[in-house]
Every structure is written in structure tokens, then in C-alpha cells.
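See below for the structure under consideration.
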Amino acid sequence: MKLLLRRVGYFFLFLLFWQVAVMVLGIKEFIIPSPLKTLSHIFQPTLAAKYQWPLHIQATLMEILLSFLITAISGNLVALLISWSRALKTLITPIIVFFNSLPKIALAPLFLLWFGYGLLPNTLIAVLVAFFPIVINTSTGLEQVDEDLLNLVRYLGATKGQIYVKIKIPNALPYIFSGFKISATMCVVGSIVGEFIASDKGLGYLLKDAQAFIDTPTMFACLLLISLLGILFFGALSLLEARVLYWMPQTTGGGKG
Amino acid sequence: KEASPKAPTKEAPKALEKVDFQLNWKITGDHAPYYVALEKGWYKEEGLDVNVILGQGSGYTVQVIDTKKADIGISDAPVPITNRAKGAKVKIIGIIFDKHPNCMYFWKSSGITKPQDIVGKTVAVPATDGHKVMWPAFAKQIGVDPSSVKFVNIEPAAKVSALASKNADVVFELYTGKPFMEKAIPPDQLGYFVWSDYGFNAYAHSYITHDDTIKTRPEMLRKFLKATYRAWDYTLKNPAEAIDILGKYHPINKEDYLANLKVVMDFFKTDRYKNNGIGYIDPARMRETVELVARYMNVQMNFPPEDVYDASFLPSPPFKYNW
Amino acid sequence: MHGNTPLLSIRELKKVYKTREGELEALGSVTFDIYPQEFVSIVGPSGCGKTTLLKIIAGLLPKTSGEIFVDKKQFDPSREVGFVFQKPLLLPWRKVIDNVLLPIEILKLDKRNYIEKARALLELVGLSGFENNYPNELSGGMQQRVSIARALIHDPKLILMDEPFGALDALTRERMNLELLRIWSESQKTILFVTHGIQEAIFLSDRVIILSARPSRMIKALDIELPRPRTMEVRSSAEFGVYSLEVYRCLELT
Amino acid sequence: MHGNTPLLSIRELKKVYKTREGELEALGSVTFDIYPQEFVSIVGPSGCGKTTLLKIIAGLLPKTSGEIFVDKKQFDPSREVGFVFQKPLLLPWRKVIDNVLLPIEILKLDKRNYIEKARALLELVGLSGFENNYPNELSGGMQQRVSIARALIHDPKLILMDEPFGALDALTRERMNLELLRIWSESQKTILFVTHGIQEAIFLSDRVIILSARPSRMIKALDIELPRPRTMEVRSSAEFGVYSLEVYRCLELT
Amino acid sequence: MNHVLKSTDSLTPPSRLNALIRWVTRSIQKNLNSIFVVLGFFLLWEAAVWVFRIPPFILPAPSTALSHLLFPRAEANYRWSYHISSTVLAISLSFVATSTVGILIAIALAWSKRLKEIILPAFVFINSLPIIAIAPIILLWMGYGVFTNMVIAFLVGFFPVVINTITGLEAVDEDLLDLVRYLHASKLQVFLKIRIPNALPYIFSGLKICSTMSIVGAIVGEFIASDRGLGYIIINAQYSMNTPPIFSSLILISLAGALLFTLVSLLERILMPWTAFEAEP
Ligand SMILES: Nc1ncnc2c1ncn2[C@@H]1O[C@H](COP(=O)(O)OP(=O)(O)OP(=O)(O)O)[C@@H](O)[C@H]1O
Ligand SMILES: Nc1ncnc2c1ncn2[C@@H]1O[C@H](COP(=O)(O)OP(=O)(O)OP(=O)(O)O)[C@@H](O)[C@H]1O
Ligand SMILES: [Mg+2]
Ligand SMILES: [Mg+2]
């Protein structure tokens, strides 16, 4: 708690420093806007109304949540398949690795061609971006089981299903959560990338619009909100993790994020 | 700084003056002349060492020129005009296209028969694209409410896809992009309206520079424009060779780019250029452009229209293009 | 002390591991019987195949050759064996009582019938009151006791213990030995106990089976005729010393 | 057996930890002397403060009150003490010989003068030929022997050992005890040895100091008058049993 | 004298070189599978393009992409070697820069708790921004060129290196610190002799993540701030819907990714010889 307060303190110090720097050095607004100016674009009523923040935040948030949901489910499912069968593993892994190293933005025209625009394709792009860490983490978790823990149920004649349900999956939970946390940030980034490729609303849309008019305060406001969404999402997952993994020894005080 | 691989800087003698030249975008067919001038040594002849820098759009060019990160740049005319009103110290010193190349594409099957049919349609265009910036002006000119269409922001690279996949009813793209559209959409099904055919008479691609540069380095500007328009003249007369030269510097598909350049050449086939030479700035039309910007794009013009340009660096005698 | 029919007979049991480097003969040839309610310990140098032996009995590993039978019938380990491993191996996400009930779930028995039994077993191992704690709230010794209760829950005839107290400190270990003897005599089970601790083996057992280094053979089966109940006095007695020296000799430790 | 002047005198040493929950009295009040070339063991229940005591002597923890002195002077541990921890704590990225030489580097002594000594020490602990292996190529017992060599390299007067063989299996541990006695007698060091193993303590020591549970006080300092060299026969003797029973009694284990 | 060694402890010192060679051959064997799968994937793709008559602007066949790569084209001079070498340079430079700077930053942060408390949240903040969103701003600040390109790649890839290195520097057994503390080791000694070597495995896993991200970063950098390299070819070709060279480039980029990853793994094996004997399954 104290740590959190100190962090907030540092953050305001940083804002102050930024404000003073912009004012003293006379930095032009279209290079770096001052924090006050940036915040005014979010909170000053007439400006805020012009930018329709709730609409765009909601659109982006929907993409983030939906993509996270899909990533979480499909990523874990794929990880489960990989760990379940060696054949599937050799088949799936190289393809995932191959796609992971592609810069998704390079496929922008193709994405539009294949999926169109809107909630669904943006979500898909985010899924594609965020997919990998979950698969890797979960399958690591499923494999990092003490062999003796498996023996413990094997000598009782446990089925493969029982082994997964009773041992492997709960055992993988900490890994699954750390995969979730990594993916959370990537879902945010992925959604924005999706909005860049094609969109008619969302913070990424607004950001591009602002960029067209060299409206840097709005651009910074968008960036601020985007990373705020990311941090909040990450924080929410950390809380959830503490809830779900109640049986883990409580070692971390404030978390890393 | 980036230097092109075969730029003549290599065997540069003593006193070549360095010029950073900011393009408006990645390489397109209409950038061939700069490489022609480089290849033939015409910039060097003028004592200039020109460094061509790829672009990020007109807005970016204005930012770069205003912050003096480059000396001369290419920008869509309304952009420097708008920004001058906001305090940017940039001026137009020469024109490239004499006709405005903005254009809208659609499937003929969509039932659009006149520009006004765009009302209620979905339009895909990159947010940073000049089309989007100037749409309100054109909309009012053709008598429709600018907010009566639904915009989708897309990556510039996705323009063709957006139309080909019918994810948008209309795509705004320069007339010069027509050969690329035709790759994905059969030419007989591709419909288009060039804005200038419907009264959109604003100036488009122009050379811009900083007010300070005009004061301190007028000779350089003069030399640059001379070599550049000379190269334009040559390019217009030998398009295939120009694209060949461009292909030496950049990984382009020459067939596509030659088609692109040939469309571009249409913008030079005007009586103004025939009579006054390529690059000529028509004061009346410039005034019209400024007014258009002021009226339709809600910009407070706090200076006379003559302030946005300076025609004194254009080559004399001019390169008159006789097509 | 034995009944007439052995609970389990092991005859010329052999195990050869196939590894990348070639064959590895883990169990040379091991033959012995275990009688009902007996406490038998196995000692032998590290890597001689003690764990391998237990695993084969539990059906966790296939044998290479030899026989394991009960009443001349092939031995079926699945419900007859309880296994206590070196580590407690409790599932951290389950409460103590649910850990004890794990074998019931795996064997797909009706859990409701066993909850009372689980409580009784936790009492037997001295952990009543801890049913609803999570494993990481218990000390190492307590955790190992939970795992003993778990091995007993489905009422197996034979308990296999593979160095169950190896990870505990020596003092706790002494205490656990006393506990184990109490649990053993109260539950009337048969125990096959693997250990490195020579004193421990002598202290606990009716019989100590001494294995040689790999490929392991039985060097000796030493009947321990110390009085029961075993106390610290027994442990400090001269007879005890004689037995240990005997084992030291067999293991060439002197 | 003692010389006249103690190597180290500990007087009414107390340690109170300040924790979130309040004060925790780890060491009640401990007083004893160690004489040159003595082998002294400390036994006591888990958590009674044995490690705390060693760490205070080594200067790793500040004491709360009391005195530690040599020849009436304040004791300076930095070059006088070699510490062997429960885990071997070898740096996996260093070869065996470089692990042994670590204290030399930390003390900024000239390494070249010590390479021969390191070899000699590795021979002393029975590891010549393994100088250039990495730690994870060695067994647990071998690793712990490397850490003993490391504790000896800067020629400290006093070796502190905190359950050095706690992680080894019992048979290896017996062997290491024999080894340690040999090393001790050859190197002529003074050893203060913490263990949970009562037999181990008796087997090794000239004196066993028995601590009570927290806040710990000395229950007894038991002089062990068993003949040296100690062998397995000694260990299995009746006198040995008497000593162990005595310790069991002190620790209320019976 | 060594009699006690015999039965349990004896271990012939094995050859480390052999272990390395074994590891390499095993990795090759393992990756052979992957190569076959990827080949199969390409075949499927090729077949799909022919069977469904997919027009090249939607999805070119891999053979088309490959032919653009291998044979000179009349209509274009892609100068593959020039662009590949410049991308390889960009990737290596940004990878090396990202790793070095990232590791140095991490050491600085691990050294001073205060510094870490202030700066780490800022890094988390930066990491949660989509870099392509701030790229135009960066471009405006820094201008066009290789350096800007590297900065973009750095921003994309530095985070995993920093986080992993810090974790490694801090994940030291407290007892290991006591070991040198009782000898009065200085903070510098603790870092040099304990913390940094201890962090090596963590650093390498950070580098492995970073290797993929450096590539994405370098390519995105080329999209935005360069007039050479595979990223530039892609951007250029996108303008004219010239898809085959795009896919040629993408295939090359994936190849570069696999290559860099392998190099890092190899480096790991060589720099951390002591891990060569960790239990093999
Ligand atoms: N799965 C396996 N594959 C190949 N060799 C194995 C396997 N499991 C064990 N071994 C080898 O077989 C031998 C016997 O192993 P085992 O674990 O049964 O010995 P142990 O007597 O239990 O040793 P410890 O006292 O150290 O527990 C050892 O040399 C070991 O390396
Ligand atoms: N840094 C610390 N802060 C607070 N309490 C501590 C600290 N270190 C140890 N203690 C407590 O002090 C007591 C003595 O600890 P110490 O480690 O010295 O015991 P020990 O005799 O070595 O135990 P063991 O036999 O388990 O090694 C314990 O109750 C322990 O919880
Ligand atoms: Mg074993
Ligand atoms: Mg301790």
C-alpha cells in the first residue's frame, strides 16, 4: 500500500517535471504537449464531448476483453492438445513459432481482405498477437509436473483424464496466470494494431485521426488511456490470481507491475 | 543520415551544398524525377548534394520542415496552409501536380453513378491521408453533408484490399493509384470520380520550405527547383527510362510503377503548364485554394493568401511541357 | 512371528533399464517374502535399485523378469498397495482432508463413505484439527504424516514407503519413527520400508533386507529380535549396537 | 584434552529478532568456550537458534547482547572463520578449483599463492582429479566436500559447520562423518558443528552442547570420552548407547 | 585413502565438448521434425492456392514467392542481397544493442532499489504502449535512419531482457550471499562473482524472447524509418499490391527469427558449459 502511494507520488512528480520542462524549454505542442494540455483533452467537458471518449474507450475495451477471452480459451486449449499428444505437438509447435515471428502489421492488407473490419477482426488480430505466451506458459506448466506427483496417482491406476484434471491442470495454474498477465498487455497492443489496420472507432482509431491533424495532445491522451487500460487489466488479473491461487505461499507483497 | 546507394556524393568534390529533401510518402512513380536528377548529375551540376528522405504523409513533411529537420519537402498544399495558420513557418515554392489527384473508387455494381451517391456509404481511407483532411471541402463543393458518410480508418497499405473485399463501399485514393486498384478489381467493374472533375480546384502536391530558408538560402532553392523541374521535363518525355532509373534505387515493380507514372502524367497536361512551364504557381488558383481551406476546413486565416507561397524560385526560363 | 502364508512373494525379480548409453542392470536378482503385519526394511547403497523395487511392486514400472505373487496368484497392486514417497507430494491446492481423500477419487469410490475414515486417519497420525488447512501451512513432518494417512485411506494391505523421512531433520525423524511404529501397530498393516538409515531400519523393523550395490543382490536378511515396543532405551542398548555393526559390516562401512 | 586458553569464548550471548509480530527471542543466553583443535557439536530442536548462533559468530548477524572474544579481545571473524553451510552452495558456473579459491578472491589475496594449496585441500577431501569439473558433475557428498575445502582455503582457525551433511542420504552421511574426522585430524582445525543427528554429534565430538527449545539455553555440555580414532565399532559400542540415551533424555525424546 | 569414494561417488570426468556436440545433434534431430512440418505447411498452402485458384494479390503461392526470391525478375530489381544484408545488419545491431543496454539497465536497477522503484513502473508503462503508435512521434524527434530504426526495435524488445535480468540478479539464494558476506565481500564483488553469473540463465531466456521481438522491431522500424531492408520491400510492395515479394520477405524474416533463436541457444550452451550435464530426459 505504501509502495503504491509512493509510486503514485513518483508518477505525479514525473508529470510535474514534464509540465515544467514543456513550459521552460518552450517545446512546441505538436512535438510534445504538456500533461495539463493532454489531460484537458480528456476531462475538459467541451473537448471531451468532441472526442467521444466513452465510445472509443468502450470499443477498445470490448476488443481487449473479447480478445483476451478468446486467447485465454484457445491458447489453453492448444496448450492442452500439445501436452496431450506428442504428434500434435510436433505438428502445431513449429507453425505457432513460425507465425509468432511474423510482424503482424505486415499482413495488414491481408487481414482486411480476409476478415474485414470491426470488433471481430480486431479481436482476431489481438488474439494472434497475444496467443503465443499463453500457449508457451500453459504447456510449460503442464509439463513441469513432479514425476513423483504423477506416480502418486498412477499406482492407483489413474486415467489420463484424471491425471490432467486432478494434477496437471491445477499444477499449471501459476504458469497459466503468468501467461495471462503477459498476454493481457499484448491484447491491448494487438487491439490497437487491429484498429490501425482498419476501424471506425476505438482509441487506435482516434489516435490515427489525431495524428492526421497533428493533434498531439489528443494523441498523448489516447496513449495515456491505452496504457492505463493495460495497467488496469494487468492489475485486475493479478488480483484474480491472488484469489484463485489462494494456496500459493504469499510471497509477493505488491506485485511487479 | 541516409544516402542512396548510388548517390553522387561518393566522388563529391569540394563544396557541394547539402540539401535534405523530404518526400511525402514511400516511393511512388512520381518520385522518379528526383532519381533522374541524381542519376544524371543535375543536382551536382547545380552544386547541390541532395539527400532524398522517404516520407510519412504531408502532415509529417510539414512538421519536419517546420522543425528544420529537412530543407525542402513535398506536401499537399492545404496542409502547409492549415499549419501556417497554426503558426508553422512553411511556404510553398513550387507546384508539382497541376490538377488535384484526389479520387474516389467504388465497384460499379454498387450503384454509385455520381459523387453525391456517396451519402450514407462506408468510406475507407487512412486517417492521415490528405483525402480525409480535404473531404469536408469537397463534400461541401458537391453539396453533401461531410458527416453523411461513415469513415473507416485503415492502414494506407490496405486501400486496395478494403475495396476488393467490399469491406468498404468507397475508397479514397489518388487517381494515380488506379493501376493498383485494377490489379484486384477488373477495370470494367471499377468506378471512379476524380475530384477535380467536379470542381475541386485546390492545389495539391507542392514543394515547401521554411521561411528562414527562403531568407538565408534563396540561391539553393532556385538551383534545386531548376534541376528538379528539368528532371520532371525529362521524365515526362522519357517515362520508361525514368522508371528504369528509379528501379535502380528502389525495389519496385517497374511495370506497375510505369503505369503509375503514366497516370501521373495526366496532371501535367494542362494549358497552364503548357503556357507557363511546369511548377507554375497561379496566384488566382492559390487564392482559391486558401479560401477553400479557410471556408470548408474551419481554419482561421490570419494572413493574406500571398503569404503562403513564394514563386520567385521557379526556374526561368521555365520548362514548358508540350505533350 | 510370521503367519504361514506370505502376503507377498518376490522371486528372482530383475530389472534392466534401457538407456541411451546401453543397458543398465538396476536389480540383479532379488528374492524374499513379506508376511502379514510384518515391518520389513530395505537398506542398500544409493542407486542400488531400492526405489525401482518398490515401483515394480506398486506397478509403476514393468519388471524385466521374475515373479511377484500372492497366494500363488499374480499380484494386482492397484487397491492392495499404499505408497508413501520420499517427498510428501501433497497437492498444494487441496486442503489436508482432500489430499487424504485423493486415492478415493482416483479409484472412483464413493467419497462420502470415506470422509469419516479420513478424519480418523488424521487423528491416527496426530493431525486432528488440521483437516481444513492447506499443505503449505504445515511443517515438513506434518506433511509427511498427511501423506501416510493418504496411503492408508483405501485400506491397502501393504504400505510401501520409500525413504519417507529422508527429507526431515534428524530429531523430527526420530519422532516420526516413534509415530510410525505407533501407527503401524494400531493399523495392523504390513510395511515395506526403504531407507538409508541403518539405525532407523533396525529400530523399526522385524527384518532388515540388505542389498548390494548395482546390480543389486540380497546380501542378507537380518531378523531383528529386539523387544517391542521399541523405545529409546532399546535403541541405546548394546544389542542394538551389535545389529548395527552387523549391518555396517555387510555394507563394508567399517 | 583442552589447551589452557580458549580459542573462542562466548558469554551470555543473546539474540532477539525484531519481527512484524513483535520480538522473537532466538538465543536465550548461551555461554561456552571452544579450545584449540577441539571438535564441538551443538544439538537442539529445530528453530532453537543454532544457525543464529553460528551466524553471529561469523559476523553475519549482529548480536543483541553478550560477548564473543579471543584472548580477552573482541573477535574479528573475517579471516578467522571458515563457514560450511547446510547446502554445498557451490557456484555452478565455476569449476571445482575456482570454487575452492572463491574466498581468496573475495579477500583479495594473491590467487597464485593459493592454487597449490587448493589442490592439496582437494586431495585432503579426496577429490584430486576433479579440479576442473563443474559442481553439477559431482554427487551431493562430493559437493559438500568441495565446500569443506573452500572453508579451509584461507586457513581460518575455526570452522563453523551448519548441518553440513543434512542434505545427504544416511549412508553417504556416515561416510562423510568418517571423512570429516580424518580431515579434522589432518588439518588440525577447531570445529564447531551444528547438527540434528544425535548419533552424529556423539560420534564426531569431544563435546556436545545441547540447547533447549526457544528461547534457547544450554541444557548440558556433554564431554564425550570415547576413544579416538572413532570407528564403527566405537559407534556400536555400549558406551555410545549410554551417551545417546543421555542426549535423548536431555531432549526429552524418551 | 579414497576408499570411500568408490561405490557411490565415482564419476569419470566426461568430455564437455562431447556434450556440446551431442546437444547440437539432438537439437538438429528435434528441429528436423519442425522443418518437415513447416515444409508440409508450405505444400498445403501451395496446393490450396492452386486448387482454389486464389489470385496472387490475396495470397500468392509459396512457389511464386520463392521464384521472386531466387530468379532475377525483368520487371523489378529487388536486390535481395542488399536488402537482406541491411535487414540482417539492422536485426543484429538492434539485438546486440537491445541486449547490452537492457542488461546494463537491469544491473543498474538491481543495484539501486530506489532507482528501480522509480524507473521500473515507467518501463511497464512504455511496454504497454503499442510501439507503432508512438513510432511517428519518435520519427519526428529523431529523424529518419538506422539509428531511429534501432531505437524502435529497442523499445519493442528491451522489456523482457530487463525484467528477466533483474529477476535473475535478484533470484539469488540468500545463503549464497551469506557465503561471501562473512568474508566481507563488497557489493561489486557480490555482483561480479555471484549475482551476474547467477542471472545468466535468466538473461538467456530474456534474450530468446528478445530475439523474436528484435526482429519484429527491426522490421517495423524499416516500415517506418528506413529506405532499405526487407521491411522496406514489404512497404513498397504493399503500395502496388505486389504481394509475392511481400511473402518472400516474410519467409526470410521467419528464417531470420529461427536463425537468431538458434544462435542464442548455441551461445547459451557455449557460455554456460556447466549446464551441459543437467539431467537429460
Ligand atoms: N527411468 C530410468 N531409466 C534409466 N535408469 C534408471 C531409471 N530410474 C533409475 N535408473 C537407474 O537405476 C539405478 C537404480 O535406481 P533407483 O532409483 O532404484 O535406486 P535407489 O536405490 O532408489 O537409489 P537412492 O538410494 O539414491 O534412492 C540407478 O543407477 C539409476 O540411475
Ligand atoms: N531473520 C530472521 N528474522 C526473524 N526471525 C528469525 C530470523 N532468522 C531466524 N529466525 C527465527 O529464529 C529462530 C531460530 O532460528 P535458527 O535458524 O537459528 O534456528 P535453528 O536452530 O538453526 O533451526 P534449524 O534446526 O531448523 O536449522 C527461529 O524461530 C526462526 O524462525
Ligand atoms: Mg530411491
Ligand atoms: Mg539452522
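Values below: all heavy atoms of this structure, side chains included; hydrogens, waters and symmetry mates excluded.
Residue A/F17 places its CZ atom among 12 or fewer non-hydrogen atoms of other residues, nucleotides or ligands, all under 6.0 Å distant. With a 6.0 Å radius and a threshold of 12 heavy atoms from other residues, nucleotides or ligands, B/Q189 has its CD atom above the threshold. With a 6.0 Å radius and a threshold of 12 heavy atoms from other residues, nucleotides or ligands, A/M62 has its CE atom at or below the threshold. Counting non-hydrogen atoms of other residues, nucleotides and ligands closer than 6.0 Å to OH of A/Y51 gives a total above 12. Around atom NZ of B/K183, more than 12 heavy atoms belonging to other residues, nucleotides or ligands sit under 6.0 Å away.
With hydrogens and angles disregarded, no donor-acceptor distance shorter than 3.5 Å links the side chain of A/D209 to the backbone of B/A127. Of the possible donor and acceptor atoms, none in the side chain of B/N153 sits under 3.5 Å from a partner among the backbone N and O of A/E195.
Heavy atoms of B/K86 lying under 4.5 Å from chain A belong exclusively to its side chain. For a residue to count as touching a neighbouring chain, one of its non-hydrogen atoms must lie under 4.5 Å from one of that chain's; by this rule B/S58 does not touch chain A. Heavy atoms closer than 4.5 Å to chain A are found in the side chain of B/K150, but not in its backbone.
Chain B forms the most heavy-atom pairs under 4.5 Å with one residue out of A/G204, A/S199, A/G202, A/A210, and that residue is A/S199. Counting heavy-atom pairs closer than 4.5 Å to chain B, the top-ranked of the candidates A/F115, A/Y117, A/F196 is A/Y117. Residue with the most contacts toward chain A among B/S161, B/A158, B/A168: B/S161 (heavy-atom pairs, distance under 4.5 Å).
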* Report the C-alpha separation of A/W114 and B/N167 in whole Å, then their side-chain angles, then the decisive distance to 0.1 Å, and conclude whether the side chain to side chain contact (heavy atoms under 4.5 Å, CB included) test is met. => CA-CA 10 Å; A/W114 296 336; B/N167 277 306; over 6 Å; no

* Asked: Is there a side chain to side chain contact (heavy atoms under 4.5 Å, CB included) between B/I154 and A/I197 once you walk through the steps?
  -> CA-CA 5 Å; B/I154 56 170; A/I197 289 174; over 6 Å; no

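The closest side-chain heavy-atom distance from B/K132 to A/K208 is not below 4.5 Å.
To the nearest 0.5 Å, atom CG of residue A/L112 and atom NZ of residue B/K159 are 13.0 Å apart.
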